[in-house]
Amino acid sequence: MGTCETQSLGVLLLLSWAITIQARSSLYITYKDPSQPVNIRVKELYKLMTLEEKIGQMTQIERTVATPQVLQDYFIGSILSGGGSAPAPNATAQAWIDMVTNFQKASLSTRLGIPMIYGIDAVHGNNNAYGATVFPHNIGLGATRDPYLVKRIGAATALETRATGIPYAFAPCIAVCRDPRWGRCYESYSEDHSVVQAMTDSVLGLQGDIPGDYPRNFPYVAGKNNVAACAKHYVGDGGTQKGINENNTIIDYEGLLSIHMPPFVDSIAKGVASVMVSYSSWNGKKMHANRHLIIGYLKEKLGFKGFVISDWQGIDRITYPPGENYTYSVQASINAGLDMVMVPYNYTGFFSAVKSLVNANVIPMKRIRDAVKRILRVKFIMGLFENPLPDPSLANQLGSQEHRDLAREAVRKSLVLLKNGKPGSQPLLPLQKNAPKILVAGTHADNLGFQCGGWTINWQGSSGQTTAGTTILQGIKSTVDPSTQVVFSENPDANFVRSQGFSYAIVVVGEAPYAETFGDNLNLTIPAPGPSIIQTVCGAVKCVVVLISGRPLVVEPYVPAMDALVAAWLPGSEGQGVADVLFGDFGFTGKLPRTWFKTVAQLPMNIGDTNYDPLFPFGFGLTT
Ligand code: GLC
C-alpha cells in the first residue's frame with residue numbers, strides 16, 4: 001500500500017474513531033438526559049447494555065445478601081426488605097437512609113450507573129420501620145367505604161416510606177378474599193370486587209395523581225415524595241379453595257375475570273408501576289408460569305406497561321418441592337412474562353440459569369428486552385436516575401402527628417357496630433364518659449402488637465409495645481371524665497366483676513397476629529381466653545365487646561350475652577380512634593366489607609350467593 005493510501009486509511013480510522021466516541025458520548029448524554037423522552041432514554045440505554053447488565057436488572061435480592069461487591073458484580077437492579085428485615089432492631093429513619101444510600105452508591109458506580117430500586121412491604125403504613133404510623137389493615141379500610149381516605153393513607157404511606165429512603169412499596173394488595181379461612185384475608189379490602197376496585201385509589205395516593213394527558217396504562221410516579229406501587233397478587237390469590245394460602249383457585253374464566261381481575265384493570269388505569277404475581281394456581285396452573293394470563297392478558301389485552309415482579313421465591317414454587325429443577329422454573333416464569341424476579345437469595349443460581357437459557361435461545365432475547373425495558377421505563381419515569389439517593393429531609397415524616405391523626409380517623413371510620421342493646425333495653429353505646437367506675441378487660445385491650453396485627457415490625461407481627469402508638473386502653477383512659485375510675489383486668493374472675501360496682505365493661509379480645517399461611521384457619525373461633533372473658537364479664541355486668549381480628553369469627557354463641565358488639569378489625573397504632581367512637585365523640589359509620597357467617601360450615605359464603613344465610617350480611621353496620 002502506497003504512502004498516500006496509508007495516510008487516507010489513517011484519516012478514515014481517525015474519523016471513524018471520532019464518530020464512535022461522539023456517538024457513544026451522545027448515547028451517554030441521551031439516556032442520562034432528563035429532557036429526552038422516556039422511550040428514547042430506554043432505547044438508548046438498552047443498546048449499551050451487556051447481557052449480564054440486562055439480567056442484573058431483572059434480579060431482586062434481599063438486603064441481607066446485598067453487598068456493594070455483589071451489586072457491582074451482578075449489576076443487581078433491585079433490593080428488598082423481606083417482612084421485618086431492617087438494618088437494626090428499632091432502626092431510626094436515618095439508619096434506613098444510610099443503608100439504602102450505601103447500596104445505591106454501589107449501583108451508581110457500575111459502568112452504566114443504573115440506579116437500583118429498593119422495595120419494601122409498606123402495606124399498612126411503612127410497617128417494617130419502628131415508629132412509623134401503622135394504619136388499619138385493608139379489611140378495616142374496606143369497612144370505611146372511603147376511597148379518598150384510602151388515597152390519603154397511600155400518600156402518607158409514600159412519605160413514610162420515603163422517610164426511610166425507600167422508593168418502592170409492594171402495595172396495595174388488591175386481593176378479593178372469598179373465604180375468611182385464608183390467612184391473608186385481612187390484606188383484602190373486601191369480598192366484593194367493586195369495593196376493592198374503589199380502594200385502588202390507594203395507587204393514586206402512593207404514586208400521585210396521573211396528569212390529564214398521560215398515556216393510558218403507563219406507569220406513573222409523580223416524584224420523590226411518592227413511591228412506585230405494586231398491585232398484588234395477580235390473579236385470584238383470594239379465591240383459593242377453602243382459603244388455603246398459595247393453593248388452587250378453581251373458577252371458570254368468566255368468574256376469574258369478573259371477580260378477581262377488575263381491581264387490576266383499575267390499578268393499571270391508575271398508573272400502577274408494577275404488578276406482583278400470585279403464588280396461587282388457577283385451575284391447577286401456577287400463576288408464575290401462566291403465559292396466557294401474564295403476557296396474553298395482563299400485558300397484551302390490558303396493555304400494562306409497567307413491570308411484572310415475582311413473589312418471594314415465587315418461581316421456585318412452580319415446582320415441588322420448591323426449587324426442584326430450578327432451571328425449568330426460571331425458563332417457565334421468564335417465558336410466561338415475569339420481568340423482575342424476587343429471587344431473593346440464590347442470585348448466582350438465577351443469574352447463571354437465565355444466562356445459559358438465553359445463550360441456548362430457550363429464553364428468546366425479545367423476552368429479555370421486554371423485561372429490561374419495562375424495568376428501565378419505571379426507573380426513568382419515577383425519576384430514579386435524577387434522584388437515586390434518599391432525601392434526608394423526609395426523615396421527619398416517619399410517624400408524624402399528621403399521619404397519626406389520619407390513622408385515627410381511619411380507625412374511627414373502620415369500626416362496624418353489630419349490636420347495640422339487648423331486646424327491651426336501652427342501647428349501651430355511646431358509653432357514658434362520666435360513669436363512676438368502669439372495667440376494661442381482655443387480652444387485646446392494652447396490647448399494641450395485637451391491635452396492629454401481622455406485617456408489623458416483623459413479618460408475623462407480635463405481642464406488646466412493639467412500636468410507637470396508643471393502645472385501646474390508653475385511648476379509653478384519655479377519653480373518660482377524670483373522675484371516672486378505670487379498672488383494667490386482662491382476664492378477671494366473675495366474683496371480682498360482680499363485686500366492684502362497675503357501671504359497664506369494655507371487653508377487648510380477638511386474634512393474635514399472623515401473616516400468610518400462618519393465618520390459615522379452618523375453625524375461625526375466637527382464640528382462648530376470649531370466649532371465657534366474654535362470658536365471665538358479660539354475664540356479670542353490662543358489656544360492649546370489641547373484637548380485634550383480621551376477619552369475621554364465630555361469635556353467634558356469645559352475642560346474646562353482649563349488650564353491644566363492635567368489629568374493630570386490625571386498627572393499627574392509633575387505638576384512640578376506638579375510644580373516640582365508643583364514647584360518642586364520633587358516630588359509628590362502618591359497614592361490613594365481608595359477610596359475617598354463623599358457622600364455618602357455611603363457607604365460602606359471599607354476597608350474591610344462593611342460600612345466603614349470614615349472622616350479619618355484607619354491608620351491615622348500625623349507626624349511633
Ligand atoms: C411475601 C408475600 C408478598 C410480599 C413478598 C415480599 O411472601 O407474598 O405479599 O410482598 O413476600 O415480602
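Side-chain N/O atoms of Thr161 and Tyr168 include no donor and acceptor closer than 3.5 Å. Side chains of Thr240 and Glu246: a donor-acceptor N/O pair is absent below 3.5 angstrom, by distance only. For the 3.5 Å distance criterion, the side chains of Ser81 and Arg63 fail to qualify, holding no donor opposite an acceptor. Side chains of Thr64 and Glu62: a donor on one and an acceptor on the other come within 3.5 Å. For the residue pair His137 and Tyr189, no side-chain donor N or O sits within less than 3.5 Å of a side-chain acceptor on the partner.
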**Item:** Trace of the side chain to side chain donor-acceptor pair (under 3.5 Å) decision for Asp192 with Ser190
**Value:** CA-CA 5 Å; Asp192 178 343; Ser190 177; 5.5 Å; no
**Request:** Could you go through the side-chain contact (heavy atoms from CB on, under 4.5 Å) check for Leu376 and Ile114 one step at a time?
**Result:** CA-CA 9 Å; Leu376 295 179; Ile114 303 172; 4.1 Å; yes
**Message:** side chain to side chain donor-acceptor pair (under 3.5 Å) for Glu53 and Thr50? Distances and angles first, verdict last.
**Reply:** CA-CA 5 Å; Glu53 289 163 333; Thr50 64; 3.2 Å; yes
**Worked check of side-chain contact (heavy atoms from CB on, under 4.5 Å) between Val150 and Asp201** = CA-CA 7 Å; Val150 169; Asp201 276 8; 5.5 Å; no
**Prompt:** Going through the checks in order, is the side-chain contact (heavy atoms from CB on, under 4.5 Å) test met by Ile139 and Arg594?
**Reply:** CA-CA 8 Å; Ile139 187 168; Arg594 310 196 53 73; 3.5 Å; yes
**Chi angles and distances behind the ring pair (Phe, Tyr, Trp, His ring centres under 6.0 Å) call for Tyr130, Trp96** = CA-CA 11 Å; Tyr130 181 85; Trp96 283 92; over 10 Å; no
**Request:** Decide yes or no on side chain to side chain donor-acceptor pair (under 3.5 Å) for Thr200 and Lys270, but give the supporting numbers first.
**Result:** CA-CA 8 Å; Thr200 58; Lys270 291 169 185 176; 2.7 Å; yes
**Request:** Could you give me the CA-CA distance, side-chain angles and deciding distance for Asn245 and Trp182, then say whether side chain to side chain donor-acceptor pair (under 3.5 Å) is met?
**Result:** CA-CA 6 Å; Asn245 192 41; Trp182 185 39; 2.8 Å; yes
**Asked** How far apart are the C-alpha atoms of Leu51 and Val354, what are their side-chain angles, what is the distance that settles it, and do they pass the side-chain contact (heavy atoms from CB on, under 4.5 Å) test?
**Response** CA-CA 10 Å; Leu51 175 60; Val354 176; over 6 Å; no
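The shortest side-chain heavy-atom distance between Ile153 and Leu141 falls under the 4.5 Å cut-off. With a 4.5 Å cut-off on side-chain heavy atoms, Leu592 and Phe618 do not count as touching. Between Arg369 and Tyr46 the shortest side-chain heavy-atom distance falls below 4.5 Å.
Checking side-chain atoms of Lys379 against main-chain N and O of Pro115 turns up a donor-acceptor pair under 3.5 Å. Checking side-chain atoms of Ser78 against main-chain N and O of Ile117 turns up a donor-acceptor pair under 3.5 Å. Between the Thr249 side chain and the Gly236 main chain, a donor and an acceptor come within less than 3.5 Å of each other. Arg162 places a side-chain N or O within donor-acceptor distance of the main-chain N or O of Asn226, the cut-off being under 3.5 Å. Looking only at distances, no side-chain donor or acceptor of Glu191 sits under 3.5 Å from a matching main-chain atom of Pro593. Between the Glu160 side chain and the Gly399 main chain, a donor and an acceptor come within less than 3.5 Å of each other. Within the 3.5 Å criterion, the main-chain N or O of Ile251 finds a donor-acceptor partner in the side chain of Asn283. At least one donor-acceptor pair under 3.5 Å links the side chain of Ser329 to the backbone N or O of Ile315. Counting only distance, with no hydrogens or angles, the side chain of Ser202 and the backbone of Met199 share no donor-acceptor pair below 3.5 Å. At distances below 3.5 Å, at least one donor-acceptor pair connects side-chain atoms of Ser310 with backbone N or O atoms of Met342.
We find that Arg367 and Asp339 are joined by a salt bridge, their nearest charged nitrogen and carboxylate oxygen being less than 4.0 Å apart. A salt bridge is defined here as a Lys NZ or Arg NE, NH1 or NH2 lying under 4.0 Å from an Asp or Glu carboxylate O, and Asp370 with Lys366 fails to meet this definition. A salt bridge between Asp146 and Lys151 is absent, with no side-chain N of the basic residue lying under 4.0 Å from a carboxylate O of the acidic one. Looking at Glu409 and Arg412, no side-chain N of the basic residue comes within less than 4.0 Å of a carboxylate O on the acidic one, giving no salt bridge. With salt bridges taken as basic N to acidic carboxylate O contacts below 4.0 Å, none links Arg41 and Asp33. The pair Asp405-Arg408 does not meet the salt-bridge criterion, since no charged nitrogen lies less than 4.0 angstrom from a carboxylate oxygen.
Close placement of the Phe380 and Phe385 rings is indicated, their centers lying within 6.0 Å of each other. The aromatic ring centres of His124 and Phe135 sit 6.0 Å or more apart.
Here the CE-CD distance, from Met261 to Gln197, works out to 12.0 Å after rounding to the nearest 0.5 Å. The line from CG of Leu293 to NE2 of His288 is 13.0 Å long, rounded to the nearest 0.5 Å. We find the OG-CD1 distance between Ser188 and Ile174 to be 10.0 Å, quoted to the nearest 0.5 Å. The distance from atom CG of Leu394 to atom OG1 of Thr164, rounded to the nearest 0.5 Å, is 10.0 Å. Between the CG atom in Leu112 and the CE atom in Met49 there is a gap of 6.5 Å [rounded to 0.5 Å]. Interatomic distance, Glu187 CD to Asn138 CG, rounded to the nearest 0.5 Å: 7.5 Å.
Taking the six-membered ring where tryptophan is involved, the planes of Tyr234 and Phe264 are perpendicular, since the angle between them exceeds 60° and thus also 30°. Between Tyr345 and Trp312, the two ring planes are perpendicular [angle over 60°; tilted spans 30° to 60°].
Of all the heavy atoms in Ile259 and Val176, the pair that sits closest is O-CG2, 3.5 Å. Closest approach of Ala229 and Gln207 over heavy atoms only: N-OE1, 2.9 Å. Contact record, Pro344 with Leu80: CB-CD2, 3.9 Å, taken as the closest heavy-atom pair. Considering every non-hydrogen atom in both Leu206 and Gly154, the closest pair reads CD2-O, 3.4 Å. Nearest heavy-atom pair across Ala228 and Ala273 is CB-CB, 3.8 Å. When all heavy atoms are compared, the tightest approach of Ala175 to Val196 is O-CG2, 3.9 Å.
Cation-pi geometry between Lys232 and Phe170 is not met: the NZ or CZ atom fails to fall both under 6.0 Å from the ring centre and inside 45° of the normal. For the pair Lys591 and Trp569, the NZ or CZ position fails the cation-pi test of under 6.0 Å to the six-membered ring centre and within 45 degrees of the ring normal. With Phe304 as the aromatic partner, Lys299 does not meet the cation-pi criteria of under 6.0 angstrom to the ring centre and within 45 degrees of the ring axis. Annotation: cation-pi geometry not satisfied between Arg377 and Tyr220 (NZ/CZ under 6.0 angstrom from ring centroid, within 45° of ring axis).
Surrounding CD of Glu402 are at most 12 heavy atoms belonging to other residues, nucleotides or ligands under 6.0 Å away. Environment of OH in Tyr148: sparse, with no more than 12 heavy atoms of neighbouring residues, nucleotides or ligands closer than 6.0 Å.
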